[in-house]
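Working notes for the structure below.
Residue numbering restarts at 1 for every chain, and letters A, B, ... go by the order of the sequence lines.
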Number of protein chains: 2
Amino acid sequence: MKGEDRKEEIFETAAQLFGERGYNAVSMRDLAEALGIKAASLYNHISSKQELLSTIIISVAETFTEGMNKIISSRKSVVEKLDDVIELHVRITIESSSALASLNNDWRHLKEPDLSYFLDMRESYEENFRKILKAGVKKKEVKKLNIEVMLFTILTSLRTLNQWYSKKQGVDQAELSAQMKQLLLHGIILD
Amino acid sequence: MKGEDRKEEIFETAAQLFGERGYNAVSMRDLAEALGIKAASLYNHISSKQELLSTIIISVAETFTEGMNKIISSRKSVVEKLDDVIELHVRITIESSSALASLNNDWRHLKEPDLSYFLDMRESYEENFRKILKAGVKKKEVKKLNIEVMLFTILTSLRTLNQWYSKKQGVDQAELSAQMKQLLLHGIILD
DNA sequence: GTCTATAAAATGATAGAC
DNA sequence: GTCTATCATTTTATAGAC
């Protein structure tokens with residue numbers, strides 16, 4: 001199946017370029033050149049530029065959705081669930097850094113019906129996260145702060161981990177997870 | 001000075017559109033239409049689309065630089081300085097939400113020499129922040145965690161505050177600052 | 001599966017009338 | 001200060017030869 005290999009290669013290179021420069025700043029000529037072929041040849045493997053973006057973004061988004069669903073349905077404590085969410089993000093950041101960058105920067109350029117599908121997943125993910133935090137407050141495992149501020153702050157740090165991780169070296173996955181847990185859950189100030 | 005008013009209006013509308021859709025997804029025709037004029041008329045007030053992006057981004061970046069310089073040269077404690085940095089971000093988020101979105105999403109599309117100028121300011125800002133954290137660790141005001149992880153996590157939360165603030169209502173500036181301080185500096189877990 | 005050639009549309013920007 | 005008309009370029013995508 002050489003054809004499938006080529007297709008895979010196209011998606012990977014597209015994810016990398018979209019992640020670096022943004023969807024609109026990467027032309028089909030740019031992508032083709034990076035692959036060593038002409039732009040017209042791309043259309044023998046894919047049907048449109050939009051298909052590239054949708055496939056890249058939806059794939060990562062589904063991985064997040066599956067991960068969160070597992071966490072939600074487990075019987076762990078709230079703090080353990082929060083640990084697991086952080087680990088999920090760190091894992092995906094390291095495994096799918098480019099696709100994650102595309103998702104973060106270019107989800108706005110999805111077209112319907114993919115846009116709605118993506119937004120539904122995103123909303124559902126956030127709602128599940130919110131539920132974990134609310135349960136934590138109720139069980140007195142989590143401080144009684146504004147739920148939306150907590151949700152946003154933790155989530156945005158986790159979502160943009162890739163921006164930072166791709167630049168720095170010398171921090172491995174386990175170490176990064178541990179540091180993020182300390183920081184986001186326990187803060188940085190010594191009392 | 002009616003001309004200056006019009007120019008101001010163009011920059012504000014551009015910031016809003018760039019912030020919503022991204023620089024490359026907003027055409028000069030889109031911008032003109034939002035202002036109720038034709039695209040060609042824009043060029044009586046500005047010289048290029050690039051000028052719009054540069055002016056918008058550099059202006060906010062300079063506000064951050066000035067704010068950070070004041071904080072760095074004050075004689076406050078580390079924790080107070082961290083409080084001030086958080087307040088600086090919350091203030092700019094509320095005052096210049098659209099320009100901040102342009103900065104976050106589209107700084108990559110700046111051209112030289114503006115790109116280098118921006119990156120220098122950004123690097124200097126981060127270096128000052130790093131110094132505050134390092135001093136905190138030394139004085140035992142801040143936990144001895146990985147400096148880069150702390151820097152990244154706090155900064156990314158603050159930088160993307162606008163994404164979230166523009167959606168939600170009912171949280172005022174003082175309240176938001178207070179919540180962010182609690183969360184970023186002291187964490188969310190009850191010990 | 002890749003190429004050349006080309007269509008069809010959109011884009012940033014300019015010239016010149018009013 | 002805004003308009004119409006237009007240019008030069010770039011863009012996504014298709015047709016058809018090899």
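B:L155 and B:L119 fall within a single hydrophobic cluster, where Ile, Leu, Val, Met, Phe, Trp and Tyr side chains are chained together by heavy-atom contacts under 4.5 Å.
A:H109 places its NE2 atom 13 Å from the P atom of D:dT12, with the value rounded to the nearest Å. Whole-Å rounding puts the A:I46 CD1 to D:dT14 P distance at 10 Å. Rounded to whole Å, atom C1' of C:dA10 lies 15 Å from atom CZ of B:R21. Rounded to whole Å, atom P of C:dA15 lies 13 Å from atom OH of B:Y43. In this structure, the CG atom of A:N24 is 13 Å from the C1' atom of D:dT10, given to the nearest Å. Rounded to a whole Å, the NZ atom of B:K49 is 14 Å from the C1' atom of D:dT9. Atom P of nucleotide D:dT11 and atom CD of A:E33 are separated by 12 Å, given to the nearest angstrom. Look at CG on B:L42: it is 17 Å from P on C:dA15, rounded to the nearest Å.
Ring geometry, A:Y125 versus A:F64: the interplanar angle exceeds 60°, so the pair is classed perpendicular (tilted spans 30 to 60°).
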Interface polar pairs with nucleotides 2-8 of chain C, N/O, under 3.5 angstrom:
| from | atom 1 | to | atom 2 | distance (Å) |
| --- | --- | --- | --- | --- |
| C:dT2 | OP1 | A:R6 | NE | 3.3 |
| C:dT2 | OP1 | A:R6 | NH2 | 3.2 |
| C:dT2 | OP2 | A:H45 | NE2 | 2.8 |
| C:dC3 | OP2 | A:K38 | N | 2.5 |
| C:dC3 | OP2 | A:S41 | OG | 2.9 |

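Note: B:F129 and B:H89 fail the aromatic proximity criterion, with ring centroids not under 6.0 Å apart.
Both tests hold for A:K49 against A:Y23: distance to the six-membered ring centre under 6.0 Å, angle to the ring axis within 45°.
The existence of a salt bridge linking A:E4 and A:K7 is excluded, since no basic side-chain nitrogen approaches an acidic carboxylate oxygen closer than 4.0 Å.
Residue A:E33 places its CD atom among 12 or fewer non-hydrogen atoms of other residues, nucleotides or ligands, all under 6.0 Å distant.
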